[in-house]
Amino acid sequence: MAVALAGRAGARLTVVLHSVVSRTMLLRLLMALPDPAWKVPKVLGVDDFATRRGQHYGTVLIGCETRKPLGLLPGRDAGTLSAWLREDPGIEVICRDRAGSYAEGARTGGPQAVQVADRFHLWQNLGTALEQGVRRHNGCLRSPASGPGDLPDIEPPPAKEMSPFEARIRARHTLVHTLLDQGHGIREIARELPMGGNTVRRCARAANLEELLGGRRQPRPSQLDPYKPHLDKRRAEGLTNAIQLHSELQSLGYRGSYQILSDYLRPQRRRRISVVGPATPGVRQVTGWIMRHPDRLSESEAQ
């Protein structure tokens with residue numbers, strides 16, 4: 001009963017059998033059993049396991065031919081594995097994961113053995129390399145073919161002609177009227193941009209920019225104003241990461257907050273959202289499409 005059910009479940013069964021034994025007694029009987037005998041395998045499997053993920057790890061040794069565990073080693077360093085291999089010579093093949101410590105331990109403890117990777121780790125190697133390749137070509141994913149559902153890329157006039165606030169209002173007004181001319185409704189525009197429904201209606205009712213700006217107070221100068229030409233240049237080069245842009249501006253002397261930069265970039269990001277077209281696929285999503293068997297891809301995924 002101890003071997004089959006361990007402590008608590010075995011103790012409950014003994015009550016049914018009218019022979020009450022505590023769970024600790026069953027565990028002591030179980031721990032007193034000798035380890036099963038095994039011979040030195042020709043193919044040894046080496047991998048790590050976690051007793052507490054991210055903090056405490058050990059090494060599990062498995063006979064790949066019998067598929068049974070042979071030992072558990074404390075830690076996952078090269079010295080521990082090397083010492084175990086010296087005590088049990090005769091291993092011809094060591095199937096291990098990609099850890100460098102296991103490679104060193106197998107090289108010093110079992111120099112006669114051939115080191116190989118199993119199917120899982122080969123597939124993992126391929127997936128990691130493929131994901132890196134997709135990430136290097138991520139720019140191709142950010143530039144889908146333009147179609148009728150894509151929003152026009154409207155650039156604001158130069159800063160010397162109007163303030164940044166006026167430029168954003170003009171871009172929003174032009175964008176809303178362009179989408180209305182394409183046949184999109186106000187609710188659809190407000191949902192997909194995203195933009196408030198009242199804001200879209202005000203832009204739709206205004207025949208020109210002056211109607212939207214009438215009676216509005218001009219914004220105060222911002223700490224970001226001297227650095228906006230640099231931001232526009234970097235965005236034209238394809239850099240849209242606000243954290244990286246903020247770090248660059250700090251190196252140029254910018255002392256304002258990150259929120260000011262984020263507020264300036266947010267309207268420009270929204271102008272490039274597609275109303276009808278699908279969302280740009282991510283790196284992990286594209287990697288999954290390539291790694292998956294073609295027969296398991298849907299028609300849209302295959303395209």
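Worth saying up front: this structure is predicted, and the values here are computed from it rather than measured.
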Heavy-atom distance under 4.5 Å between the side chains of L231 and L261, does that happen here?
yes
Closest contact, heavy atoms only, Y227 versus Y254:
OH-N, 3.3 Å
Say whether L85 and V43 are linked into one hydrophobic cluster, either directly or through other cluster members, by side-chain heavy-atom distances under 4.5 angstrom.
no
Determine whether more than 12 heavy atoms belonging to other residues, nucleotides or ligands lie under 6.0 Å from atom NZ of K228.
yes
Please tell me whether V286 and L130 are part of a single hydrophobic cluster in this structure, the criterion being side-chain heavy atoms less than 4.5 Å apart.
yes
Taking every heavy atom of C95 against every heavy atom of A117, the minimum-distance pair comes out as SG-C, 4.1 Å
Atom pair CZ (R28) and CZ (R23), whose distance is rounded to the nearest 0.5 Å
10.5 Å
Keeping the roles fixed (side chain from H177, backbone from C203), state whether a donor-acceptor pair exists under 3.5 Å.
yes
Is there a side-chain contact between W84 and L44 in this structure, where contact means two heavy atoms from C-beta onward sitting under 4.5 Å apart?
yes
Is the closest side-chain heavy-atom distance between W123 and M291 below 4.5 Å?
yes
Counting only heavy atoms not in M25 (residues, nucleotides, ligands), do more than 12 fall under 6.0 Å from its CE?
no
So how far is it from H246 NE2 to S257 OG, rounded to the nearest 0.5 Å?
6.5 Å
Contact check, side chains of L180 and V176, non-hydrogen atoms, under 4.5 Å:
yes
What's the separation between atom CZ in R136 and atom CD in Q132, rounded to the nearest 0.5 Å?
6.5 Å
Run the numbers on L61 and L81 for side-chain contact (heavy atoms from CB on, under 4.5 Å), then give the verdict.
CA-CA 9 Å; L61 306 174; L81 177 61; 4.0 Å; yes
All heavy atoms of L265 vs all of R235, minimum pair found to be CD2-CD, 3.6 Å
Where do S101 and A78 come nearest, in terms of heavy atoms and distance?
O-CB, 3.2 Å
Is NZ or CZ of R76 both nearer than 6.0 Å to the six-membered ring centre of Y57 and within 45° of the ring axis?
yes
Do V46 and D97 come within less than 4.5 Å of each other through their side chains, counting heavy atoms only?
no
Check for me, please, whether I91 and L73 land in the same ILVMFWY cluster - side-chain distances under 4.5 Å, paths through other members count.
yes
Please tell me if the side chains of D77 and T59 come closer than 4.5 Å, counting only heavy atoms from C-beta onward.
no
Hydrophobic cluster identity match, V21 and L13, side-chain contacts under 4.5 Å
no
Which atom pair, heavy atoms only, marks the closest approach of R296 to E301?
O-OE1, 4.4 Å
Can L179 and E188 be said to form a side-chain contact (heavy atoms from CB on, under 4.5 Å), step by step?
CA-CA 10 Å; L179 293 175; E188 183 183 10; over 6 Å; no
Please tell me whether R255 and Q223 have a donor and an acceptor in their side chains that are separated by less than 3.5 angstrom.
no
Could you measure the distance from the CD1 atom of I189 to the OG1 atom of T199? Nearest 0.5 Å is fine.
12.5 Å
More than 12 heavy atoms of other residues, nucleotides or ligands under 6.0 Å from CZ of R292: is that the case?
yes
Mind jotting down which residue pairs meet the side chain to side chain donor-acceptor pair (under 3.5 Å) criterion with at least one end in residues 12-22? Sequence neighbours excluded, please.
S22-T24
Could you verify whether a donor N or O on one side chain and an acceptor N or O on the other, from S82 and R86, lie under 3.5 Å apart?
yes
Indicate if V114 and I94 have the same hydrophobic cluster label, given that clusters are the connected sets of ILVMFWY residues with side-chain heavy-atom separations under 4.5 angstrom.
no
In Å, rounded to the nearest 0.5 Å, how long is the span from CD of E65 to NZ of K39?
7.5 Å
Evaluate the side-chain proximity of L33 to L29: yes if any heavy-atom separation is below 4.5 Å, no if none is.
no
Less than 4.5 Å apart, any side-chain heavy atom of L224 and any of L249?
yes
Would a distance-only check, ignoring hydrogens and angles, find a side-chain to backbone donor-acceptor pair under 3.5 Å from T174 to A171?
no
To the nearest 0.5 Å, what is the distance between CD1 on I62 and NZ on K68?
13.0 Å
Grab the two heavy atoms, one from Y258 and one from A242, that are nearest each other, plus how far apart they are.
OH-CB, 3.4 Å
